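Within every chain, numbering begins at 1; the chains are lettered A, B, ... in the order of the sequence lines, protein sequences first and strands thereafter. Computed from a prediction, not measured in an experiment: that's the story for all the values here.
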Amino acid sequence: MTETVSTMTQARPAGLHLGRLFERIALLVVWVGLIAIFGALMPQSFLNWGNFSIIFASYAPAALLALAIIVPLTAGDYDLSVGATLTLSSALIGVLNVWHHLPIGLVLVLALAAGAVVGAVNALFIIFFRIPSLVVTLGTTSLMTGIVQWMTNSSTIGGIDNALVMAVVGGRLFGVPYAFYYAAAAVVVLGYVFDYTPLGRRLLFVGRGREVARLNGIAVDRVRFGALIASGVLAAAAGIVYAGVLGSADPYSGLNFLLPAFAAAFLGATTILPGRFNPWGAVVAVYFLATGITGLTMLGIPLWVTNVFNGGALILAVTISQLTRGREASDIG
Amino acid sequence: MTETVSTMTQARPAGLHLGRLFERIALLVVWVGLIAIFGALMPQSFLNWGNFSIIFASYAPAALLALAIIVPLTAGDYDLSVGATLTLSSALIGVLNVWHHLPIGLVLVLALAAGAVVGAVNALFIIFFRIPSLVVTLGTTSLMTGIVQWMTNSSTIGGIDNALVMAVVGGRLFGVPYAFYYAAAAVVVLGYVFDYTPLGRRLLFVGRGREVARLNGIAVDRVRFGALIASGVLAAAAGIVYAGVLGSADPYSGLNFLLPAFAAAFLGATTILPGRFNPWGAVVAVYFLATGITGLTMLGIPLWVTNVFNGGALILAVTISQLTRGREASDIG
Amino acid sequence: MSDVPSAIGRVAEPGAPRALPVLDVADIAKTFGGAKALRGVSFSVAPGEVHGLLGKNGSGKSTLVKILAGFHAPDHGGRLAFNGEMVDLPLKPGDFRRLGMSFVHQNLGLVPSLTVLENLRFAHLTTARSGYIDWRAERAAAREALGRFGLSIDTAERVDRLSPVERALLAIVRAFEEIRVACAATGKPGLVLLDEPTPFLPREGVEKLFGLIRSIAATGSSVIFISHDIDEVMTITDRITVLRDGALAGALETAKATHEEVVEMIVGRRIARLGTPGHQAAVAKPAFLRVSGVAGGALAATDLVVGKGEILGVTGLIGSGYEELPYLIFGARPCRAGALDFVDGAHVPLAAMSPKRALDLGLALLPGDRQGASGVDSLPIVDNMFLPDVDRFFRFGLLNRRAMVREAFALGTRYEVRPNDPAMKLSALSGGNAQKVLIARWMNRNPRLLLLDEPTQGVDVGTRVQIFAALRAAAAAGMSVLCASSDAEQLAEICDRVLIFARGRVCAEITGPDLTKDGIAEACYASIDLTGRTAPAAPALAS
Amino acid sequence: DAAADGLAAAKEKLAKYAAKPVFVPPGEPFDAKACAAGKKMLSIPNSSANPFLKGIIDRMKKAGAEVGLEVTEWENQGQPSQWVQGVEFAIRDKYDIVDLISGIDPATIEPQVKAAKEAGVKVMTSHFYDPSDTQNPFVSSSLTIGFGEVGTVLANWAAVNTEGKANILVIKSDEVPPTKPLMEGLRSELAANCPNCKIVQEVNVGVTEWATKIQPSVQSAVQANPDIDVVIPIYDSMSQFVVPALRLTGKTGTVKVATFNGTPFVLDYIQQGLVDMDLGESLDWIAYATVDGHLRDLCGLGSPAALNVPFYIFDKANAAEAGTPAGYDQGYGDAYLSGFRTLWKLQ
Ligand SMILES: Nc1ncnc2c1ncn2[C@@H]1O[C@H](COP(=O)(O)OP(=O)(O)OP(=O)(O)O)[C@@H](O)[C@H]1O
Ligand SMILES: Nc1ncnc2c1ncn2[C@@H]1O[C@H](COP(=O)(O)OP(=O)(O)OP(=O)(O)O)[C@@H](O)[C@H]1O
Ligand SMILES: O[C@@H]1[C@@H](O)[C@H](O)OC[C@H]1O
Ligand SMILES: [Mg+2]
Ligand SMILES: [Mg+2]
């Protein structure tokens with residue numbers, strides 16, 4: 001019982017390493033390729049920093065929303081309510097700031113708190129009553145949609161405090177509006193938490209093996225609870241940035257963000273750290289799709305093509321990622 | 001070692017039997033209660049057969065869509081693409097019948113075939129490439145949305161052959177337009193398949209334990225494939241009925257039906273056969289929600305309340321169902 | 001002995017009977033990714049024969065079984081004949097049923113969230129030609145089948161509400177029922193494949209199973225029996241085929257072989273049976289932990305003391321409650337009452353116990369359900385190894401991944417995990433190697449008390465010996481161990497003391513010279529009389 | 001009496017919209033080619049998925065080409081963040097005009113409108129504000145459209161077609177800004193000209209919920225209030241869900257439907273007897289008027305305050321003029337074509 005045969009090389013043929021590396025950066029490569037193509041077609045208007053700075057800023061709410069989704073998704077829960085939470089948050093800002101004249105600082109705190117409350121309500125039903133997360137968040141989506149319509153009288157509320165607008169799209173750093181940096185900060189923080197902290201490991205184990213996590217001393221319910229709250233708060237933050245970008249509160253758009261954000265979360269799980277929902281991947285996916293849509297729009301290509309692009313990119317990327325791993329059952333979804 | 005201790009009484013206290021029975025009919029009871037309340041408030045306008053016949057007919061597409069969802073859901077796959085398939089089917093009818101003057105009979109066959117193709121494409125990616133169903137159907141939703149916009153130039157197409165309109169809402173039986181009977185026929189057939197055929201058991205086994213089903217000789221892939229095709233065809237049928245009800249093809253509405261249909265599927269899994277997706281339950285849920293919405297709007301209550309009602313009813317019903325079974329982990333979702 | 005009739009035209013192995021074999025396989029190979037699970041296995045099973053299929057963990061037994069179930073497609077080139085009929089590989093789903101095979105799979109192959117009726121009548125419910133299911137008739141058929149085996153289980157109960165024993169029995173009843181129907185239909189001998197059916201069975205269940213096996217063999221049908229329990233294999237089989245690393249290691253006629261020969265063929269080298277060393281002078285160890293009044297599940301208020309550096313075994317008939325003990329002490333399952341008193345004075349009421357608290361107190365638990373409760377298959381070995389310890393690698397605000405991998409590699413080397421690549425997913429390891437990783441996880445923390453539930457279930461003899469040695473060494477260094485197991489042999493080999501449970505209470509204590517496999521088994525059966533009960537706590541098999 | 005006087009007034013006011021539209025020059029003739037030379041305009045529709053708006057932009061491209069103005073569409077799905085991108089794009093690519101068409105409230109994207117103004121890009125709106133609205137301070141000029149006037153036409157039509165006793169169900173979308181002036185026009189005109197008319201119920205449905213909520217709402221309303229005899233879906237795309245509701249409740253023909261926009265499939269509905277009246281505008285006319293108005297602002301000639309595109313009533317009597325199936329520009333005559341060309345000194 002002394003011999004220890006190393007099967008390492010045997011188990012991981014050299015080709016595999018390259019394949020995996022390729023998979024990690026494939027989406028980035030395709031992104032660069034896309035930029036190159038649009039750049040060649042429109043060297044003036046597409047290939048300039050101004051264009052990218054605007055893509056970065058205007059998709060910041062979408063990026064935050066994709067991040068909001070992957071936190072509970074990693075812990076094994078679906079949160080469909082992030083779209084409605086985004087709307088709720090921006091509607092609250094409109095109603096409280098514009099109609100009730102509350103100071104914007106206070107209003108932002110209240111919006112984030114509302115996001116936390118949504119997360120807590122979801123968590124109550126998901127964790128305490130043990131109802132599937134898909135069902136609960138489908139229900140709260142409908143509930144919040146109704147509440148927002150009631151609050152806003154179903155109308156767009158313009159005239160949000162200029163301080164918010166300035167803080168989101170007024171100021172620029174390297175030509176890029178601040179909005180982007182809020183999303184970037186969220187990615188950095190989440191990326192750090194996911195990869196470099198024990199909390200990130202716990203999240204992952206809770207998502208992949210609840211009972212295992214529990215027996216290893218992880219407070220599973222607390223981790224799931226925290227993930228849902230984080231999701232609510234991030235979605236509310238997305239709502240704040242959205243309100244800041246627009247300078248107004250729109251009671252209907254939130255749900256339009258939902259499916260694309262999920263698509264980005266899944267697409268992001270094919271890159272950087274393939275097979276896992278990861279913040280960097282999610283954000284790369286958001287901006288990859290944004291680049292495609294912007295480029296197509298600038299070329300004046302009809303709108304329906306962007307829908308085809310969105311759907312096609314998702315399916316294609318996941319399929320290719322799947323093929324590099326020999327079609328083994330996927331760990332995501 | 002001759003004595004045989006029965007574990008029956010031990011495992012199922014008498015109270016449980018009653019509790020289970022109550023659970024099976026709870027939603028029906030609440031439905032009757034709802035009708036009683038609205039009936040008391042509006043004895044003339046609510047409590048008449050005409051009103052119900054209209055509810056029955058106008059929610060027939062929604063009922064078909066809920067049925068489309070539960071087939072793959074029982075087999076363990078999410079089909080988010082049913083909404084887009086509904087739209088695709090009705091858009092095809094509009095384009096082929098109105099613009100290209102194909103006879104309506106042929107067009108209906110083509111619409112159903114398109115639904116089958118959608119199901120087959122979903123199945124290809126889900127089963128052959130082993131991509132999570134949520135991801136695939138999210139992608140095909142976006143793809144189909146684009147294709148529909150291209151086909152229809154994003155415009156509503158009126159003037160669909162009157163024969164279809166007559167066949168769907170023109171003729172009546174017991175005062176109820178035929179539309180309802182198409183949905184009813186689908187429920188009866190599906191109810192029979194689910195409960196009284198080997199195919200129904202195969203579906204259930206595949207959904208509850210894929211590996212086990214395969215170990216026990218079930219052609220799992222074929223069953224899942226069939227379920228996805230069935231879902232596509234049923235969603236296309238919903239699109240046909242929808243086109244018949246409207247007399248026109250609307251390129252946008254499909255997605256709006258998606259979340260309510262999922263809500264009905266989950267709500268339906270709390271009744272008739274609690275803990276399992278079941279056709280009767282799904283349809284009861286659709287008409288329960290329809291009754292609530294109709295009653296509320298007849299009372300002149302603003303529309304936002306119906307969203308709250310939808311979300312609240314879903315969460316409440318599932319929670320109560322969960323409480324009767326002592327909060328054990330749920331089998332649905 | 002040469003020209004044995006064989007449908008696939010090869011020379012049969014020595015000792016093979018002359019009749020047309022029920023099952024005859026040749027050159028079956030299976031590659032998973034790059035790993036070869038089977039490398040050209042050939043053997044045959046004669047009518048009426050009980051055939052043992054043995055091998056270390058990962059040697060490919062279950063893979064072979066699953067190929068016969070049509071679950072895995074074997075590599076190209078294998079051949080299969082059943083009752084003389086050549087059958088195309090891979091088998092299509094359900095082919096096995098047409099041929100006349102039935103299975104009890106390693107994990108039983110039941111769907112937990114469905115009912116006893118649905119699971120038991122699986123074959124009929126999913127393949128009935130009539131196109132209409134008559135539920136009344138199905139229920140009657142199910143009751144009759146259960147009745148034939150003397151089982152009384154509510155057919156409407158969900159399988160996940162059954163006890164492990166009931167579940168195992170259900171799977172066994174199903175396999176024997178299916179083979180009965182199949183033989184009646186084909187008029188030819190059938191084949192029942194039992195992949196480690198015994199770990200969950202109480203002794204009398206095993207005996208009843210052996211009775212069934214013999215009766216089915218008497219009708220001319222055959223049985224393939226897989227187990228890591230050599231004594232069981234010696235008792236029931238006629239012949240034995242041994243796999244090693246996916247290849248045929250040899251075949252034996254049971255009657256002509258000894259226990260030691262079988263073990264040697266399995267592991268490929270001689271292993272000294274640990275026997276019963278050191279039990280003669282059971283020196284009382286100083287107490288480390290006093291467990292008082294612990295009650296939960298089937299366990300009534302129970303007191304016991306664990307010594308420092310002691311390996312304490314707990315066992316009993318299934319349903320006697322001993323198997324709950326590790327989970328209750330660890331706070332993994334709700335406790336009705338009880339408290340822990342540590343030698344250092346710490347007093348912990350069990351109602352307030354949680355896994356987190358237990359870990360802080362220096363306890364560790366290795367659950368019996370490896371995949372469901374112990375490790376996460378889809379995550380890397382290194383993360384699984386240090387799951388409770390990640391905080392240790394979190395320095396200066398960063399998780400030190402490099403250090404984790406380095407330490408995991410060292411641990412892997414120490415516990416002979418093969419292959420020792422910490423970045424691989426746990427699922428890439430065989431069951432036994434995965435178990436080594438999980439044991440390493442806990443041993444590495446130097447717990448004061450290690451709680452084990454069936455630590456070597458499904459683990460081959462070679463690996464077992466390794467695990468035992470590691471436990472001994474740790475105990476010698478002062479770690480206490482509480483090991484719940486139904487495996488008397490294992491308890492006899494490693495324990496200093498064994499407590500026998502009956503009806504939720506400790507009813508006997510075995511130490512010193514009595515601490516042998518037979519001694520423990522005897523005590524278990526005596527326990528029935530000791531507590532004066534007339535009925536076992538769990539549904540039993542009527543004779 | 002008051003009722004009869006009101007009815008007479010209503011009839012008289014309606015007559016104007018039943019006559020073939022005539023062209024009224026919005027200002028002095030000017031050298032449009034010189035003005036437009038080398039200039040470009042980015043048109044952002046409320047949503048590219050709206051065929052009505054897409055139709056306007058396609059025709060604006062054609063009209064612009066006649067004078068040399070380059071018109072580009074910013075394709076979008078109705079999401080404000082995409083409008084934001086469009087304005088930013090225009091600033092960067094040095095467009096001269098950003099045209100926000102029909103539904104984009106400049107207040108919704110005020111930061112970008114302000115930035116455009118500062119960058120020297122003129123942001124103009126068309127077919128959005130009612131003359132009674134106050135224009136956003138960062139907007140250069142607006143070609144308003146009389147949504148209030150539309151409301152009055154709908155009110156008068158309802159009064160006249162029920163002999164002054166209309167019981168009206170209104171379907172509206174409050175989140176679309178034009179709804180407000182339209183509803184005000186509708187209410188005040190009813191009050192003025194039809195003392196015995198009343199709005200029985202107003203149902204507010206968000207645009208995204210039209211498909212799921214309008215049909216059941218209309219069904220419920222006409223069942224709960226059987227005396228409803230006119231349904232006014234204020235935007236005619238809503239009528240595809242009103243028509244089936246009336247069909248199912250058996251009210252087709254007895255309950256009248258009056259609406260606004262002139263979308264072709266609704267004009268078809270009129271020919272089929274499913275809808276009674278649609279107040280339409282010619283897309284092509286709108287396109288020429290928009291190009292004309294924006295050029296005037298760009299070249300400092302002073303923009304007209306309104307689009308000056310006439311409304312025209314389609315009903316059973318004249319719906320066939322729009323074609324079978326109906327088109328977007330048919331039935332309005334083509335007086336505007338030579339009118340604008342003359343103004344622009346092209347002929
Ligand atoms: N998914 C996989 N990817 C790569 N290698 C694998 C995978 N699964 C198994 N292996 C390798 O195949 C070999 C045999 O593993 P297998 O699980 O068959 O062992 P086993 O006989 O079940 O052993 P045990 O008795 O320990 O369970 C091992 O070396 C293992 O590392
Ligand atoms: N689905 C799979 N994918 C990859 N490798 C697998 C798979 N199933 C089994 N293996 C590998 O095949 C080898 C044989 O496993 P198998 O389960 O047949 O072993 P076994 O002899 O039954 O072992 P045990 O005694 O532990 O049950 C192992 O290395 C295992 O890891
Ligand atoms: O037709 C337009 C409609 O589509 C939009 O939503 O609001 C303004 C209307 O003029
Ligand atoms: Mg095995
Ligand atoms: Mg194994």
Drop me the distance from [X]'s [atom1] to [Y]'s [atom2], to the nearest 0.5 angstrom.
| X | Y | atom1 | atom2 | value |
| --- | --- | --- | --- | --- |
| C/His124 | B/Arg201 | NE2 | CZ | 13.5 Å |
| C/Leu125 | B/Leu199 | CG | CG | 12.5 Å |
| B/Tyr196 | C/Trp135 | OH | CH2 | 9.0 Å |
| B/Asn216 | C/Glu178 | CG | CD | 7.0 Å |
| C/Lys66 | B/Glu211 | NZ | CD | 7.0 Å |
| B/Leu215 | C/Phe103 | CG | CZ | 8.5 Å |

Quick one, C/Phe122 and B/Ile218 - any side-chain contact, counting heavy atoms below 4.5 Å?
yes

Is any side-chain heavy atom of B/Phe205 closer than 4.5 Å to one of C/Leu114?
yes

May I ask you to decide whether C/Glu118 forms a salt bridge with B/Arg202, counting only side-chain N to carboxylate O separations under 4.0 Å?
no

Segment of [X] engaging chain B (4.5 angstrom heavy-atom cut-off):
| X | answer |
| --- | --- |
| C/Leu108 | neither |
| C/Arg98 | neither |
| C/Phe96 | side chain |

Residues two or more places apart in sequence or in another chain: which of them pass salt bridge (Lys or Arg N to Asp or Glu O under 4.0 Å) with C/Arg180?
C/Glu177

What closest approach, in Å, do C/Gly70 and B/Arg214 show between heavy atoms, and which atom pair accounts for it?
O-NH1, 4.4 Å

Shortest non-hydrogen pair, C/Thr127 vs B/Pro198, comes out as N-CB, 4.1 Å

Taking atom CZ of C/Arg148 as the centre, does the number of heavy atoms from other residues, nucleotides or ligands within less than 6.0 Å exceed 12?
yes

